[in-house]
Amino acid sequence: MINKLVIENLKHRWVRTVLSATAVGVQVTMILTLVGVSYGTLDDLSRRSRGAGADILIRPPGSSIISLSTAPMPEKILDFVRSMPHVAVATGTIVQPIGGTNSVTGIDLESFEKMSGGFRFLSGGPFRNPEDVIIDEYWARQFRLSVGSPMHFMDRTWRVSGIVEPGKLARIFLPLKLVQELSANTGKLTMVYVKLDDPRHLADAMAALKNQLPTYQIYSIEEFVSQISVNNLPQLKTFIYVVIGVAVVVGFLVVFLSMYTAVLERTREIGILKSLGATPALILGILIRETIVLSLIGSVFGILFTYGTRWAIMRFVPGSLNQIIVPEWWPVASLVALVGSLLGALYPGWIAAKQDPIEALSYE
Amino acid sequence: MSDALIEIRGLKKTYRMGDIDVHALRGVDLTVERGEFIAVCGPSGSGKSTLFYILGGLTQATGGQVLIDGRDLTRMNDSQRTAIRRELVGFVFQRYNLLPTLSAADNIAMARYIAGSSKFRSKQDTEWFRQTLELLGVAHRLHHKPRSLSGGEQQRVAIARAIVNHPVLLLADEPTGNLDTENSETVLKLLVDLNERLGQTILMITHNPEAAAYAHRIVNMRDGRIV
Ligand SMILES: Nc1ncnc2c1ncn2[C@@H]1O[C@H](COP(=O)(O)OP(=O)(O)OP(=O)(O)O)[C@@H](O)[C@H]1O
Ligand SMILES: [Mg+2]
């Protein structure tokens, strides 16, 4: 019976219901999109790291695993690595930041292709002229670039020579030598990628490398990828918590307003229920159920909205961001919405429960 | 003591509005026998509604004694008075006061729900209620929402809602105040019928002498007293 009243009330003021649920939905989307983008972008980073085709990564001494810091190591290390047992291919890269979180990766095209299985060009082809740059499809889509388009970074104008399928290490590639020169790092590398003749020799090869290069950071690709996680990005984690906090406050305010007006508007109806002998708990229960329904509808809206944000991100900024749908977070975001909403319903519910029935019934 | 249903002795009610005290009831004495149908008349502001609100447990008296069925309302706390509303009285108001979002049937069902399903769920009770709806002439209109019912129909649904839990006392505050002559007559005849057939005790506030004439007895109020 109470459920019927709750549903009828929500239907009766359906515009308010839809608006409130949408607002709750936006809050749910806020959380889910942030989480989805965090996971998606890191996921994409892992996928691209794997896409290089390497089994082992070597970084210079004292570097941190995720940072793109350019503390370099000498190029001649490559020859040494290549001479180690089980090493099939070794290639070096240098990464140069170009503003924001973007960077350009210098590669030795020949050995890089050998390791990664080769670029798949969607249009254009490899470097031919000194100003040529290779980009991936996401970057091209985000900045509306095609073969022959100019790009500006590192104080130069470049020309897109080829657009490749995404998933191979980076999004912007230049010849290694060029990046080394332009960044005053001639003969230096930031990362060495090693492919083995057979992955079964991983442990042996790792041990040998560690033995020979004790000060260097040596990871298997799986070790490396496992470090790419939200848990290793404390700032990102904090940011997610901040957004959750904001979401609770927004949900609180939306539902507070919505329920508060509902209570004022329904003064007479609450009086009627009281005249029929409804207890304060029953009145409060009605509002709480309404709130729960609102926040459930809102959560469904919010989950659907994330498919919209994912589409928009893939359509407009796939080069910078990646969003995946993270269903494990659906209950979390819904719960956050519910908590905010219930907090918001508390005061209006209390007002309703203690409302004087005769004032409600005797005045217009 | 007789087996009077209601015994009111020296009943006082003072509303506080900011710094001013409004003396709505200044010592009311009244005895109502079981099965009586009483009309309460009097000028506006004489305290008629206030008397009803106290009898119906909607508000607390300031002084005096009110016994309904042997229980003293003036000594009750909020939750005991809530129980009185649920179990002992039924209200009918001038403005019908149906819940606008529910159908007529659900309005009645809500009263039953609030009263609790433990009471009266027998076959006879269901049959009794069916006949009552028939008698009230609203049986075929039950699935409508209040706004698509006429005033007369709404008031008859409100009466059905008020008696569905078999209250010992039916309190009707100007039940015909918003109705035309014809509908007023229908509603008044229904009240008489309920009174005669079911022995329903009824207190009815009215400004209209013709309406008051349907009652067994007329009680006049003035300035918070019965005169
Ligand atoms: N909630 C309230 N707060 C303050 N004063 C009130 C309140 N309700 C009623 N009063 C005052 O108490 C007095 C009696 O009011 P009551 O409503 O009982 O009169 P009434 O006889 O029902 O009048 P009417 O015929 O106009 O309905 C009036 O002076 C009124 O202004
Ligand atoms: Mg009145």
Side-chain angles (χ1 to χ4, degrees), chain A residues 1-18 20 258-259 261-291 293-294 349-364, chain B residues 13 15-17 24 45 48-54 56-60 78-103 105-117 119 145-147 158 161-162 164-165 167 171 173-174:
Chain A
M1 200 57 230
I2 292 300
N3 291 336
K4 204 163 188 175
L5 181 65
V6 166
I7 301 298
E8 290 301 330
N9 282 345
L10 288 169
K11 265 165 52 185
H12 182 66
R13 284 272 180 257
W14 65 270
V15 175
R16 179 178 58 208
T17 302
V18 169
S20 312
S258 173
M259 285 299 149
T261 51
V263 166
L264 294 185
E265 180 188 89
R266 286 193 221 138
T267 305
R268 176 169 289 270
E269 288 159 58
I270 293 164
I272 296 170
L273 287 169
K274 290 202 161 175
S275 77
L276 294 173
T279 57
L282 185 97
I283 308 272
L284 186 64
I286 291 173
L287 287 181
I288 292 207
R289 284 188 214 201
E290 248 180 83
T291 305
V293 174
L294 264 187
W350 183 69
I351 295 269
K354 73 169 196 68
Q355 186 179 292
D356 183 352
I358 64 171
E359 283 192 26
L361 291 168
S362 33
Y363 298 108
E364 311 290 293
Chain B
K13 173 70 181 180
Y15 292 109
R16 271 209 82 91
M17 289 187 72
K48 307 182 295 294
S49 295
T50 302
L51 175 63
F52 272 38
Y53 293 149
I54 292 174
L58 282 169
T59 191
Q60 179 115 47
D78 274 356
S79 73
Q80 288 169 317
R81 277 189 281 112
T82 300
I84 290 290
R85 301 203 285 275
R86 230 172 17 232
E87 291 158 15
L88 291 189
V89 300
F91 280 102
V92 175
F93 302 93
Q94 178 174 354
R95 287 197 39 190
Y96 326 133
N97 281 340
L98 298 175
L99 295 166
T101 55
L102 294 183
S103 69
D106 287 338
N107 263 280
I108 297 169
M110 181 57 84
R112 287 194 116 158
Y113 171 83
I114 289 174
S117 48
K119 245 172 111 188
K145 295 256 168 90
R147 68 167 171 280
R161 178 181 67 181
V164 65
N165 295 317
L171 295 168
D173 192 344
E174 300 192 45

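Quick note on labels: first sequence line is chain A, next is B, and so on, each numbered from 1.
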Verify the neighbour count for atom CZ of Arg147(B): are there more than 12 heavy atoms of other residues, nucleotides or ligands below 6.0 Å?
no
Any Tyr113(B) side-chain heavy atom under 4.5 Å of Leu5(A) side chain
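No. Closest side-chain heavy atoms not under 4.5 Å.
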Would you indicate whether the side-chain heavy atoms of Leu361(A) and Asp173(B) approach each other to under 4.5 Å?
no
Separation between CG of Leu10(A) and OG1 of Thr101(B), rounded to the nearest 0.5 Å
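Reported to 0.5 Å precision, the distance equals 9.5 Å.
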In Å and rounded to the nearest 0.5 Å, what is the CG to NZ distance from Leu99(B) to Lys4(A)?
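One finds 13.0 Å between CG of Leu99(B) and NZ of Lys4(A).
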Quick check on the interface: out of Asp78(B), Thr59(B), Ile114(B), Val89(B), who has the most heavy-atom pairs with chain A under 4.5 Å?
Ile114(B)
Heavy atoms only, distances under 4.5 angstrom: which of Asn97(B), Leu102(B), Leu98(B), Ile84(B) has the most pairs with chain A? Name it, please.
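Between Asn97(B), Leu102(B), Leu98(B), Ile84(B), the count favours Asn97(B).
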In terms of heavy-atom proximity below 4.5 Å to chain A, should [X] be classed as side chain, backbone, both, or neither?
{"X": "Tyr96(B)", "answer": "neither"}
{"X": "Arg81(B)", "answer": "neither"}
{"X": "Thr82(B)", "answer": "both"}

If you take all heavy atoms of Lys145(B) and Glu8(A), which pair is closest and at what distance?
NZ-OE1, 3.3 Å
Under 4.5 Å, heavy atom to heavy atom: which of residues 269-279 of chain A reach chain B? Give them by number, or say none.
Glu269(A), Ile272(A), Leu273(A), Lys274(A), Ser275(A), Leu276(A), Gly277(A), Ala278(A), Thr279(A)
